[in-house]
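Encoded as structure tokens, the structure appears first; notes follow it.
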Amino acid sequence: MNQPKRYLITSALTYANGPLHIGHLAGANLTADIFARTMRNLGKEVLYVGGSDEHGAAITIKALKEGLTPRQIIDKYHAQFEEAFRRIGISFDIYHRTSEPIHHQTSQDFFRTLYRKGEFIEKETEQFYDPKAKMFLADRYIKGTCPKCGYEAAYGDQCEKCGSDLSPTELINPVSTLTGEKPVLRKTKHWYFPLNKHEVWLRQWINEGILDGKKVHDPRTWKNHVIGQCNSWLNEGLQARAMTRDLDWGVDVPPEIPGAEGKKLYVWMDAPIGYISASKQWAIDHGKSWERFWKDEGTALIHFIGKDNIVFHAIIFPALLKAEGSFILPANVPANQFLNLEGDKISTSRNWAIWLNDYLESMPGKEDVLRFYLTRIMPEQRDSEFTWKGYQEANETELVNNLGNFINRVLVLVNKYYGGEVPDFDPNVQLTSSAGEDQISFQDAELLLVFDKLQEMVNAIRRFEFRAALRTLMEISSMGNQFLQFNAPWQAYKTQPELAAAVLNTGIQIVTALSVAMEPFMPFSSAKLREMLRLPAVAGRGELQDILDALAEGRLLLEPGHQIGPARHLFERIPDEVIEAQRAKLVKTAPAQAAEYPPLKPQIQYDDFARLDVRTGTIVKAEKMKKADKLLVLEVDLGFERRTIVSGIAQQFKPEEIIGRRVLVLVNLAPRKLRGVESNGMILMAEDGEGRLHFVSADTDDGWPVS
RNA sequence: GGCGUGGUAGCUCAGCUGGUUAGAGCGCAGGAUUCAUAAUCCUGAGGUCGAGAGUUCAAGUCUCUCCCACGCUACCA
């Protein structure tokens, strides 16, 4: 495949309802940053965009909870994100936000174009509207009397008593569960995007890289799990998706479209278009063209995301772009898997995470160590795990002992023997190669080995194999350590000064190469090293390409006579106490929501209660229901009879554990078929604050009533 | 239940279209060395490649069945 002329790189937008943690870095941001920096260092034209995703119901809810306005919430998180990303060195060309007018305009324009082209299906439905809450109600927020069995607390989508599927409009006396008000029917219109119409070309584009008969990318460069996930969706059949919602916090549906009042664009018409509006803003700020990046086939569009976002970026957004007609499609969607933490999933609600802000505050100057370790364990092909011990070890064995030590050895020796001046040398001096203790080499041959490694590293990054690229980088400094060890310039300096000069000149060339090559991974340490070398910091202007060219042509990277500064340590050990203190911060908390008691149900009369017939019983048989994850088929002995009862507790109880359990059974519940098995009754369970279920029972004989 | 991805030395992971004694780093054992943040270098021990069956002259690599982890999805509160 031809090398693209330029790259448009995106990091998944960050949702503005909670702080950043290391998972955000490992998934979509550090990956994209390393890629963007590398491409800039290779002299490519790069536009790297990111931003905050600031719309949606979750933000409204968060605002209500904290007693703030949605605007206050998003302002707070956006500022926080921007600052944290900057401090950890994510090199966005622009970090934008979806609340900006230019974004609203851009996504509305996008919607308009699709609307005019007839890409949407309009569906008008009558839905219940709660005048007090001023919102349309989802089916399950409505209760009323079941038209079939007369049960008074049937949900809008289903009657729990008789099991029939309902639609909210069938209910007699519907009531909003939010406010208790009587909802009114209102017509509401929504626009659906018929994804199913796009299935055929999507299949070919994803699996063969062919779009409109043209090869646009090589599917072999896409990750297995990305293609697999897409095909899984395609094989299940794509459905028309609503592109609008009855929400109050988001981008308005273009007002001139009939029926648009009160409607907002759904997230699929909003968040990914944020990439486009960010590009536009960047173009305005810099007097450049955004369309060069979005509409020219010489551009490779790369979406960096986590695996939860695959379908969104590889199917839905491409389909929208194609339907719009003027945009290129992504050349790759290198999704990462998930990062776990100390044996458990990262969870914002359980506070199981390493928060980026906290890290930046409590581990000052250690930005690159985090970047390094996260890259080293990056979940590229499968989930991986962050441990503080692993972090400490990686820092010590690789950064301090290998990379930092090699650089320090060279700089100290050059300072000590040559007053910090890069020594001149005789290119014909025989050296021992880093490739083996018995191999004779010369300086230029040695530098060609470095060239090969740099090439290898660049190729790995082009394949989005960041772990491999980082490993290759470390191999260069390993080679450097071997080279020093074999040639022992500290001895040669006394007996063969010409050897020492050739060795240390070579050493300083390798260090110079490293100062550039390490920049995408560890920009802060790179800058520090460049300062010691008295060289300008790497600024993303083709420095890596310059180095590759020079090495290929046999030119030196740092000329004899160049004066370097004193050696300072690039990395330092991190004491056990510091690691322990960090680990001690990790304390799982119960999710906040689960701690809240559910609201009390409306008052009932004794007669209502007396209608329930609850009896004691014993589980005598239990087995898993086939083709269902949550159901157990139980046989319960009630003394006077045995009954089959299906219970949705399979995720918390194993069948063999619960045989013999005394339980309370609601015995006069109408029978209902669950996945083909008739259930005659209901096992009563108590639920605790963390959602765990517990059996309730009594010490009486089976079959006697409970009241 | 369906689909997807993964399951390789104590740990973290490489192993492309099947081909000689399965690799690396860390850790471990022994040795060398002192320029360097007790760093570095050399050597070595360590694996029936999740389990079983099959295809093949030949399988970690292909096929089938099963088990485990994670994700999507269905069903289910």
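In this text, all values refer to a predicted model and were calculated from it rather than measured experimentally. Numbers restart at 1 for each chain; the letters A, B, ... are given by sequence-line order, proteins then strands.
Comparing B:A38, B:C42, B:C35 by their closest approach to the side chain of A:Glu437 singles out B:C42. With B:C41, B:A36, B:C35 as the choices, the nucleotide that has an atom nearest any side-chain atom of A:Asn408 turns out to be B:A36. Of the candidate nucleotides B:C72, B:G27, B:U40, B:C72 has the atom lying nearest to any side-chain atom of A:Trp233. Nearest nucleotide to the side chain of A:Glu398, out of B:U34, B:U37, B:G25: B:G25. Among the nucleotides B:U40, B:G71, B:U37, the one closest to the side chain of A:Arg573 is B:U37. The side chain of A:Arg409 approaches B:U40 more closely than any other nucleotide in the set B:U37, B:U40, B:C42.
Using atom C1' as the reference point in both B:G60 and B:G50, the two lie 12 Å apart (nearest Å). Comparing B:A22 with B:G47, their P atoms sit 12 Å apart, to the nearest whole Å. B:U20 and B:C57 are spaced 14 Å apart, taking the C1' atom of each and rounding to whole Å. Rounded to a whole angstrom, the distance from the P atom of B:U63 to that of B:G4 is 12 Å. Between B:U55 and B:C64, the two P atoms lie 15 Å apart (nearest whole Å). When the P atom is used for both B:C75 and B:C70, the distance is 22 Å, rounded to whole Å. The separation of B:A59 from B:C42, taken at their C1' atoms, amounts to 35 Å, rounded to a whole angstrom. Taking atom P in both B:U17 and B:G27, one finds a spacing of 33 Å when rounded to whole Å.
The pair A:Glu393-A:Arg376 does not meet the salt-bridge criterion, since no charged nitrogen lies less than 4.0 angstrom from a carboxylate oxygen. Between A:Glu380 and A:Lys223 no salt bridge is recorded (no basic side-chain N to carboxylate O distance below 4.0 Å). Electrostatic pairing of A:Glu531 and A:Lys528 does not count as a salt bridge here, judged by no charged N lying under 4.0 Å from a carboxylate O.
Here A:Ile574 lies out of heavy-atom contact (under 4.0 Å) with every strand. Residue contacts shown for A:Phe486 are limited to sugar-phosphate atoms, with no base heavy atom under 4.0 Å away. When heavy atoms are screened at a 4.0 angstrom cut-off, A:Lys223 is found touching no nucleic acid atom at all. Note on A:Asn405: a base of the nucleic acid sits closer than 4.0 angstrom, heavy atoms only.
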Quiz item: Just by protein heavy atoms under 4.0 Å, how would nucleotides 6-13 of chain B read 5' to 3' in B, S and -?
Solution: SSS---SS
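As rounded to whole Å, 12 Å separates atom C1' of B:A36 from atom CG of A:Leu504. Residue A:Gln229 contributes atom CD, which lies 10 Å from atom P of B:U5 at whole-angstrom precision. The NE2 atom of A:His225 sits 10 Å away from the C1' atom of B:G4 (whole-angstrom rounding). Separating the CG atom of A:Asn336 from the C1' atom of B:G71 is a distance of 14 Å, rounded to the nearest angstrom. When rounded to the nearest whole Å, the span between CD1 of A:Ile310 and P of B:C70 equals 17 Å. When rounded to the nearest whole Å, the span between CD1 of A:Ile407 and P of B:U40 equals 14 Å. Put simply, CD on A:Gln482 is 8 Å from C1' on B:C41, counting in whole angstrom units. As rounded to whole Å, 14 Å separates atom C1' of B:U43 from atom CG of A:Asp438.
With hydrogens and angles ignored, no donor-acceptor pair under 3.5 angstrom links the side chain of A:Glu572 to the base of B:U37.
Residues A:Ser441 and A:Glu446 have side chains that bring a donor and an acceptor to within less than 3.5 angstrom of each other. Counting only N and O atoms by type, the side chains of A:His225 and A:Gln337 include a donor and acceptor under 3.5 Å apart. With no hydrogens or angles considered, a side-chain donor-acceptor pair links A:Asn231 and A:Asn207 at under 3.5 Å.
In this entry the base of B:G46 is syn relative to its sugar, with a glycosidic angle within 90° of 0.
Ring geometry, A:Phe304 versus A:Phe464: the interplanar angle exceeds 60°, so the pair is classed perpendicular (tilted spans 30 to 60°). Using cut-offs of 30° and 60° on the angle between ring planes, the pair A:Phe386 and A:Tyr373 is perpendicular. Note on ring orientation: taking the six-membered ring where Trp is involved, the planes of A:His21 and A:His24 are tilted (angle from 30° to 60°).
Between A:Lys345 and the phosphate of B:G71, there is a side-chain N or O to OP1/OP2 separation shorter than 4.0 Å. The phosphate of B:U34 (OP1 or OP2) has a side-chain N or O of A:Gln491 nearer than 4.0 angstrom.
Where A:Tyr417 and A:Asn340 meet RNA chain B, the nucleotide closest to each residue was compared, and A:Tyr417 sits on the side nearer the 5' end. The residue among A:Glu380 and A:Ser478 whose nearest nucleotide of RNA chain B lies closer to the 5′ end is A:Glu380.
Ring centroid separation for the pair A:Phe372 and A:Phe571 does not come in under the 6.0 Å cut-off.
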